[in-house]
Protein chains: 2
Amino acid sequence: MSEDEIAAMMRALGHPVRLEILRILSARADSCCCNDVTDCLDLAQSTVSQHLKVLLDAGVIERHAQGTRNNYRVRHDRLSGFTGAMERYFDQLGTDAASCARASRPQPAA
Amino acid sequence: MSEDEIAAMMRALGHPVRLEILRILSARADSCCCNDVTDCLDLAQSTVSQHLKVLLDAGVIERHAQGTRNNYRVRHDRLSGFTGAMERYFDQLGTDAASCARASRPQPAA
DNA sequence: GGCTTGCATCGTCTGTTGACGATAAAGAAA
DNA sequence: TTTCTTTATCGTCAACAGACGATGCAAGCC
C-alpha cells in the first residue's frame, strides 16, 4: 500500500460514526442492510447511506444486493491487510530513525 | 483507546502530507525543525506549522524548544501503541462477527 | 540596543465533509 | 397494476480543513 492509499484508508476510517457502523455490521454479520444500521444510529437514512458509500469506496465493506435490499458486510481481510500495511509503514519509520541516529553518532576514528 | 480516540488519531494521520512529515522527521531523528520540514515539502511554512500542530495535538510527535528553534521528533511509542489499539479493535470486530454468525446458525434441537 | 532567524498564530479564501429532506428507481407484495 | 419498502442520489446548508501571506514574538547574534 502506498502512502496515499494508507492516508485515504485512514481518512475513511477516521470518523466515529463510520467505526460504529463497522461495529454494527460486524455484530450481525449476516443480512444487515442500510435500514438496520440507520435504526441503530440516530441519523438520517441518507446520511448513513453516505457513510456506507465512503466505507464501500475504501473497500472496507462489501455490498450484496438481495431483492430490494442491500446487505453490507465488513471485509475483515481488508481491515487486517490495512493494519498490516500500517504496521509495516510505521515500523519502517522506526527503523529509518534508528539507523539514522546510529549513522549520526560520532564514529570511531577511521 | 476509545472509538473516538482511534477515530481522532486516524483523522490526524489521514493526510498524505502528514504521513510524509512523519517520514521526514524519522529520517533525521535528531534536530529537525519546522524549516527543515518546510524545505522538503513545497508548502508554505505556515501550512507546515499547522500540520505539525495537528500531529502534536494527536500526540504523534513531540516538540523540544532549543534556543530559537523547535525540534520535532516522532513518538514511535505512540505510533505502535496506536497500531496495537487499532489491531485489537478490528480483531474484536472479527471475533464478534464470528461468534454472531455461530449464534445465528440453526441450533441443534434443545 | 538593533538585527536576524525560527516559528506560531491570525485572517482569509476555497474546497470538502457531514448533515438533512426530498426524490427517484427498483424489487416485492397486494 | 398499484402500492409498499428499501435505498441511492440530488440539492442545500453549515461547519471544517487546508492552503496562503502577513504579523508578532522570542531567542540568539552583531
- Query: Ignoring hydrogens and angles, does a donor from either the side chain of Q45(B) or the base of dA8(C) sit under 3.5 Å from an acceptor on the other?
  - Reply: yes

- Rounded to whole angstrom units, what separation is found between the CD1 atom of I61(B) and the C1' atom of dC7(C)? 13 Å

- Query: Taking only N and O in the side chain of R63(A), is any of them less than 4.0 Å away from OP1 or OP2 of dA8(D)?
  - Reply: yes

- Minimal non-hydrogen separation, V17(A) against H51(A), with atom names: CG1-CD2, 3.6 Å

- Is it the case that one hydrophobic cluster holds both M1(A) and M10(B), taking links as side-chain heavy atoms less than 4.5 Å apart, direct or via other members? yes

- Query: What is the distance, rounded to the nearest whole Å, between atom CG of L56(A) and atom C1' of dT9(D)?
  - Reply: 14 Å

- Task: Could you tell me whether the phosphate oxygens of dG18(D), OP1 or OP2, come under 4.0 Å of any side-chain nitrogen or oxygen in R18(B)?
- Result: yes

- Indicate the atoms forming the closest heavy-atom contact of C32(B) with V37(B), along with that distance. SG-CG2, 3.9 Å

- Task: Ignoring backbone atoms, establish whether Y72(B) has a side-chain N or O less than 4.0 Å from OP1 or OP2 of dG6(C).
- Result: no

- OP1 or OP2 of dA8(D) less than 4.0 angstrom from a side-chain nitrogen or oxygen of S49(A), does that happen here? yes

- Message: Measuring from the side chain of H15(A) (C-beta onward, heavy atoms only), which nucleotide among dT9(C), dG18(C), dT6(D) has the closest atom?
- Response: dG18(C)

- Item | Closest contact, heavy atoms only, R69(B) versus D36(B) | NH2-OD2, 3.5 Å

- Message: Between C1' on dG6(C) and CG on D36(B), what's the gap in Å once rounded to a whole number?
- Response: 10 Å

- Item | Nearest non-hydrogen partners of L19(B) and E3(A), listed with the distance | CD1-O, 3.5 Å

- Query: Are N70(A) and dA8(D) close enough that a side-chain N or O sits under 4.0 Å from OP1 or OP2?
  - Reply: yes

- For the pair made of NZ in K53(B) and P in dA8(C), what is the distance, rounded to whole Å? 10 Å

- Query: To the nearest Å, how far apart are Q50(A) CD and dG11(D) C1'?
  - Reply: 11 Å

- Query: Once you round it to whole Å, what is the distance between C1' of dG18(D) and CG of L13(B)?
  - Reply: 17 Å

- Task: Could you tell me whether L52(B) contacts a base, only the sugar-phosphate backbone, or nothing, with contacts defined as non-hydrogen atoms closer than 4.0 Å?
- Result: nothing

- Take atom CG of D57(A) and atom C1' of dG18(C), then tell me their distance rounded to the nearest Å. 15 Å

- Heavy-atom nearest nucleotide on DNA chain C taken for V17(A) and for N71(B); more 5' hit belongs to N71(B)

- Message: Rounded to whole Å, please give me the gap between CG in D39(B) and P in dC7(C).
- Response: 10 Å

- Task: May I ask you to evaluate whether N35(A) reaches the phosphate of dT7(D), defined as a side-chain N or O under 4.0 Å from OP1 or OP2?
- Result: yes

- Note on the structure: With the side chain defined as heavy atoms from C-beta on, T68(A) is closest, among dT6(D), dA22(C), dC20(D), to dT6(D)

- Which of the following nucleotides, dG18(D), dT6(D), dC7(C), is nearest to the side chain of R69(A)? dT6(D)

- Note on the structure: Closest to the side chain of S46(A), out of dC20(D), dG18(C), dT9(D), is dT9(D)

- Message: Just N and O in the side chain of T47(A): are any of them under 4.0 Å from OP1 or OP2 of dC20(C)?
- Response: yes

- Does a nitrogen or oxygen in the side chain of H51(A) sit under 4.0 Å from OP1 or OP2 of dT17(C)? no

- Gap between atom NE2 of H76(B) and atom CG of D91(A) - 0.5 Å precision: 10.0 Å

